[in-house]
Amino acid sequence: MLERVLYHDHCFDGAASAAYFSRFIAGSVHPGAEFRYTGMAHKASQMFDPSLFDGDENAIVDFKYSSDPRLTWWFDHHQSAFLSPEDAEHFRRDTSGRKLYDPSYKSCTSFIKVVARDRFGFEAPDLNDLVAWSLVIDGAQYPDAHTAVELGAPAMKLTLVIEAAKGSDIVQQIIGWMQHRQLSDIIGEPEIQRLYQPLYERHLQSIDLIQARAHQEDGVVFFDLAGYDVEGYNKFIPYYLFPTSTYTVSVSPSSFRTKISVGSNPWAAQEPKHNLATICERYGGGGHARVGAISLSPGELEQARAIASEIVAELKT
């Protein structure tokens, strides 16, 4: 039995979801199954290549829905979960009981845990810490911006490696470790430490870079990282640097996309009033009410800047 698992790549909750789902399937549905993983990234072209579904069973966790008939399992918690109205209708007609969606959950890992427990009687108490940290990290449940940026806990150090690592191999190694090991043990692996130390230095440099590039106006922080070798950054840095801000909009080109990131300050004095997923959906993106993103093709920098300018103007209202 080959279980192919497509997961949200370079995302702590995506990796944790893949790990918890695998434990659930191996422990309650298909003991002895072989698991293979494919990391999925949001791109300008969001179609699923049919070759992705090559398992005896195929699962997607923490990523958009596919109407491919070979999809067996699906778990997601993003507001923007469907590529088209047709996909949404296809999901609504599903009677398998194995395609599940609930945007009220702050992490997909916690959603999988509850479904596995309540519908299948599966529990993995040794993974409670993994689930708890998925809620903190994906749900932005940090007590303050300093905690989010200063990376004190093993889970936060591991998040830096997951988000910034080149390629998917190390993330998939971490998924394997997450299924049976504590996060403090994983971050102590020599291979992880070799990656973490230079990434931490880049993290500190990114704080300085964003401070130099960003400006705040009417509660909105904006910065453009074009021309700098920054494929990702800690999304809480803007609120660490600009604690009175409410929203952040940024443009960050990378090797496979031009990304507009839109976020809201979890510690804002006033509750943010804009639904950021809804705003991003207008431009082909999506996310959650409090954080979203739009992916354009590589090289579409001027289009990204124009979209970011429109969003900044809207968020200032």
Side-chain angles (χ1 to χ4, degrees), residues 3-25 35-43 46 48 52-53 55 57-68 71-83 87-88 91 94 98-117 124 127 130-141 155 158-159 161-165 168 170-179 183 232 235 257 259 261 263 276-277 280-281 285-293 295:
E3 192 85 27
R4 171 66 68 181
V5 182
L6 282 60
Y7 66 95
H8 188 187
D9 209 0
H10 300 291
C11 167
F12 184 91
D13 189 37
S17 294
Y20 203 100
F21 174 80
S22 300
R23 272 287 299 272
F24 157 56
I25 294 297
F35 293 88
R36 295 181 190 169
Y37 302 95
T38 301
M40 302 296 295
H42 295 291
K43 301 179 181 179
Q46 293 285 301
F48 286 89
L52 293 169
F53 302 104
E57 287 192 350
N58 300 284
I60 299 173
V61 295
D62 197 39
F63 203 75
K64 291 181 180 286
Y65 181 79
S66 170
S67 58
D68 192 294
L71 181 66
T72 313
W73 297 89
W74 178 63
F75 288 87
D76 195 32
H77 71 128
H78 294 88
Q79 176 183 316
S80 308
F82 303 101
L83 292 171
D87 277 355
F91 164 72
D94 180 75
R98 296 187 171 193
K99 296 172 185 176
L100 300 130
Y101 173 59
D102 192 333
S104 70
Y105 279 83
K106 293 188 179 297
S107 81
C108 189
T109 310
S110 63
F111 180 35
I112 295 170
K113 175 187 175 178
V114 170
V115 170
R117 182 194 65 203
L127 298 186
L130 179 69
V131 176
W133 274 106
S134 76
L135 287 163
V136 171
I137 292 168
D138 215 52
Q141 302 298 292
L158 199 58
T159 297
V161 175
I162 290 169
E163 292 183 347
S168 301
I170 191 61
V171 179
Q172 292 171 18
Q173 177 68 64
I174 290 169
I175 290 170
W177 284 331
M178 279 178 166
Q179 294 175 45
L183 300 175
K235 64 186 177 183
R257 67 182 172 190
K259 183 179 181 182
S261 300
L276 303 184
C280 291
E281 284 169 359
H288 299 288
R290 297 292 296 268
V291 61
S295 295

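Not counting sequence neighbours, the partners of D94 by the salt bridge (charged side-chain N to carboxylate O under 4.0 Å, His left out) test are K99. Scanning for side chain to side chain donor-acceptor pair (under 3.5 Å) contacts around T72 gives an empty result, with sequence neighbours left out. Scanning for ring pair (Phe, Tyr, Trp, His ring centres under 6.0 Å) contacts around F75 gives F111, with sequence neighbours left out. Applying the salt bridge (charged side-chain N to carboxylate O under 4.0 Å, His left out) test to R98 and every residue at least two apart in sequence or in another chain returns E57. Applying the side chain to side chain contact (heavy atoms under 4.5 Å, CB included) criterion to A124, with sequence neighbours excluded, gives Y20, R23, F122, D126, L127. In terms of the ring pair (Phe, Tyr, Trp, His ring centres under 6.0 Å) criterion, residue partners of F82 (sequence neighbours excluded) are, by chain and number, Y65, W74, F91, Y101. Residues satisfying the side chain to side chain contact (heavy atoms under 4.5 Å, CB included) test with R290, not counting sequence neighbours, are S264, E271, P272. By the salt bridge (charged side-chain N to carboxylate O under 4.0 Å, His left out) test, D68 is found to be paired with R70, residues two or more places apart in sequence or in another chain being considered. Annotation: ring pair (Phe, Tyr, Trp, His ring centres under 6.0 Å) contacts of F21 (sequence neighbours excluded): W73. In this structure, the ring pair (Phe, Tyr, Trp, His ring centres under 6.0 Å) partners of H288, at least two apart in sequence or on a different chain, are H77, H78. Considering only residues two or more places apart in sequence or on other chains, K259 meets the side chain to side chain contact (heavy atoms under 4.5 Å, CB included) condition with S252, R257, S261, A293. With sequence neighbours excluded, the residues forming a side chain to side chain contact (heavy atoms under 4.5 Å, CB included) with T159 are F12, I137, E163, listed by chain and number.
For the residue pair M178 and I162, the shortest heavy atom distance occurs at CE-CD1, 4.0 Å. When every heavy atom of G286 is checked against every heavy atom of S80, the shortest pair comes out as CA-OG, 3.0 Å. Heavy-atom minimum distance, I112 versus S17: CD1-O, 3.6 Å. In terms of heavy-atom proximity, I170 sits nearest to A165 at CG2-CB, 3.3 Å. Taking every heavy atom of both residues into account, F53 and S66 meet most closely at CZ-OG, 3.6 Å. Of all heavy-atom pairs between L130 and A16, the closest is CD1-CB, 3.8 Å.
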Does the side chain to side chain contact (heavy atoms under 4.5 Å, CB included) test come out yes or no for Y105 and V114, once each step is laid out? CA-CA 10 Å; Y105 279 83; V114 170; 3.4 Å; yes
Assess whether side chain to side chain contact (heavy atoms under 4.5 Å, CB included) is satisfied between Y7 and V171, documenting all intermediate values. CA-CA 11 Å; Y7 66 95; V171 179; 3.8 Å; yes
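Distance CG/L158 to CH2/W177: 9.0 Å, rounded to 0.5 Å. Once rounded to the nearest 0.5 Å, the distance linking CZ of R4 with OH of Y37 reads 10.5 Å. Within the model, atoms CD1 of I174 and CD of Q179 stand 12.5 Å from one another, a figure rounded to the nearest 0.5 Å. Here OG of S168 is found 4.5 Å from NE2 of H10. Values are rounded to the nearest 0.5 Å. Rounding to the nearest 0.5 Å places CZ of F48 at 8.5 Å from NZ of K64. Going from atom CG of L135 over to atom NZ of K106 covers 9.0 Å, rounded to the nearest 0.5 Å.
Using a distance-only test at 3.5 Å, with no hydrogens or angles considered, no donor-acceptor pair links the side chain of Q79 to the main chain of A277. Not one N or O on the side chain of S110 forms a donor-acceptor pair closer than 3.5 Å with the backbone of V131. Judged purely by atom type and a 3.5 angstrom limit, D13 uses its side chain to pair as donor or acceptor with the backbone of T109.
Looking at heavy atoms from C-beta onward, I60 lies out of side-chain contact with D76 at the 4.5 angstrom threshold.
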